[in-house]
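Right, one structure below, let's go through it.
Basis for what follows: all heavy atoms, side chains included, without hydrogens, waters or symmetry-related copies.
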Amino acid sequence: MNQKTIHVQWEGPFSYSELSSLKNDNCDYGIYQIYASHPVYGSDVLLYIGKAERQTFGIRIAQEAWRDRNGDGDRVQIYVGRLSGHETPESEFWSEEIDLVEKLLIYSHWPAGNSQNLNNIPDEKCRNLHVLNWGNHRDLMPEVSGARWTSLHSVIENYDCYGNHDAGSV
């Protein structure tokens, strides 16, 4: 399978009251991040990575009520990431890309509020995935590669640190 690179253009921060300022048209979909206080990890930390597919960011994020669930709800910050490219794919393919990007970002960043995708990742589908985060991606790594976070390189034949083998015997 060939390497698949997905570009995500991030915007934010938005407060809950600013959610209505998002495009909210019938194709404002992608990935989002929630930052707020956590009783163990402190204030202003990445709590959650989610996806808005077939529902706009404004509708999807409002359903989760992060403002009400957090003791410091007025300081909740939201970042939205829109998948970017030369053309918009068909909706099924677009949804699949959103799903894979969300899974890889959750698995590689371990947000405190996510329970799914922390301990597993669809290995076959993500091993050749490369996510590039652009714009205001906040605490996300600028690049996340499935080659690093899946089992793709878990076993490499004749692999050893340089200097631990005879020169020329590689």
Side-chain angles (χ1 to χ4, degrees), residues 1-14 19 22-23 27-38 40-61 63-64 66 70 76-157 159 161-162:
M1 186 186 321
N2 293 339
Q3 178 83 15
K4 172 68 177 169
T5 300
I6 299 176
H7 299 264
V8 183
Q9 183 66 41
W10 290 94
E11 286 184 69
F14 297 98
L19 279 178
L22 296 174
K23 285 195 306 186
C27 63
D28 198 22
Y29 311 132
I31 309 297
Y32 59 92
Q33 305 173 61
I34 304 291
Y35 288 81
S37 295
H38 185 277
V40 175
Y41 302 116
S43 61
D44 201 27
V45 297
L46 175 62
L47 288 184
Y48 189 78
I49 296 173
K51 64 182 176 182
E53 61 171 333
R54 300 173 199 229
Q55 288 183 314
T56 64
F57 285 116
I59 292 170
R60 180 66 187 122
I61 296 168
Q63 290 173 345
E64 294 184 339
W66 282 100
N70 193 280
V76 171
Q77 293 186 330
I78 302 156
Y79 293 77
V80 297
R82 295 177 179 93
L83 280 61
S84 304
H86 296 291
E87 59 186 39
T88 302
E90 296 292 323
S91 61
E92 290 299 318
F93 188 67
W94 190 3
S95 289
E96 182 180 342
E97 286 188 347
I98 289 171
D99 187 57
L100 292 175
V101 168
E102 181 208 29
K103 284 175 170 50
L104 186 57
L105 291 178
I106 290 170
Y107 189 79
S108 60
H109 290 88
W110 289 41
N114 286 96
S115 59
Q116 291 185 331
N117 302 316
L118 285 177
N119 297 317
N120 61 11
I121 189 167
D123 199 80
E124 288 295 319
K125 290 185 175 186
C126 287
R127 64 177 28 186
N128 294 308
L129 180 60
H130 191 168
V131 176
L132 297 174
N133 292 305
W134 301 99
N136 198 3
H137 55 83
R138 181 75 189 260
D139 291 348
L140 297 184
M141 293 179 269
E143 283 187 66
V144 181
S145 170
R148 165 62 178 90
W149 295 101
T150 64
S151 66
L152 181 62
H153 296 295
S154 62
V155 176
I156 302 173
E157 297 292 323
Y159 183 82
C161 293
Y162 289 178

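Considering every non-hydrogen atom in both Ile31 and Trp10, the closest pair reads O-CZ3, 3.5 Å. What you find for Asn136 and Gly12 is that their closest heavy atoms are ND2-O, 2.8 Å. Among all heavy-atom pairs drawn from Leu129 and Val101, the shortest one is CD2-N, 4.3 Å. When every heavy atom of Leu105 is checked against every heavy atom of Asn133, the shortest pair comes out as CD2-ND2, 3.9 Å. Closest approach of Glu102 to Gly50, counting heavy atoms only: OE2-CA, 3.7 Å. The two residues Arg127 and Ser151 have their closest heavy-atom pair at NH2-OG, 3.0 Å.
In this structure, CE in Met141 is found 5.0 Å from CH2 in Trp149, a value given to the nearest 0.5 Å. One finds the CD atom of Glu53 at 10.5 Å from the CD atom of Glu96 (value rounded to the nearest 0.5 Å). Distance check, rounded to the nearest 0.5 Å: CG of Leu46 to CD of Gln33 gives 6.0 Å. To the nearest 0.5 Å, the span separating SG on Cys126 from CG on Leu152 amounts to 11.5 Å.
Under the 30°/60° scheme for interplanar angles, the aromatic rings of Tyr48 and Tyr32 are found to be tilted.
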Item checked: Verdict with supporting geometry, Ile61 and Ile34, side chain to side chain contact (heavy atoms under 4.5 Å, CB included) -> CA-CA 9 Å; Ile61 296 168; Ile34 304 291; 4.2 Å; yes

Margin query: Is there a salt bridge (charged side-chain N to carboxylate O under 4.0 Å, His left out) between Lys125 and Glu97? Walk through the geometry before answering.
Written below: CA-CA 10 Å; Lys125 290 185 175 186; Glu97 286 188 347; over 6 Å; no

Item checked: Steps toward side chain to side chain contact (heavy atoms under 4.5 Å, CB included) verdict (His109, Asn114) -> CA-CA 10 Å; His109 290 88; Asn114 286 96; over 6 Å; no

Check: Taking it one step at a time, do Tyr29 and Leu83 satisfy side chain to side chain contact (heavy atoms under 4.5 Å, CB included)?
Finding: CA-CA 8 Å; Tyr29 311 132; Leu83 280 61; over 6 Å; no

Check: Under the side chain to side chain contact (heavy atoms under 4.5 Å, CB included) criterion, do Val8 and His137 qualify, and how do the steps go?
Finding: CA-CA 9 Å; Val8 183; His137 55 83; over 6 Å; no

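At least one side-chain heavy atom of His7 sits less than 4.5 Å from a side-chain heavy atom of Thr5. Residues Asn2 and Asn128 fail the side-chain proximity criterion, which asks for heavy atoms closer than 4.5 Å. Proximity of Ile49 to Leu140: side-chain heavy atoms (C-beta onward) are separated by under 4.5 Å at one or more points.
Between the His130 side chain and the Ala147 main chain, no donor and acceptor come within less than 3.5 Å of each other. Under the 3.5 Å distance criterion, the side-chain polar atoms of Tyr35 are matched with a main-chain donor or acceptor of Asp139.
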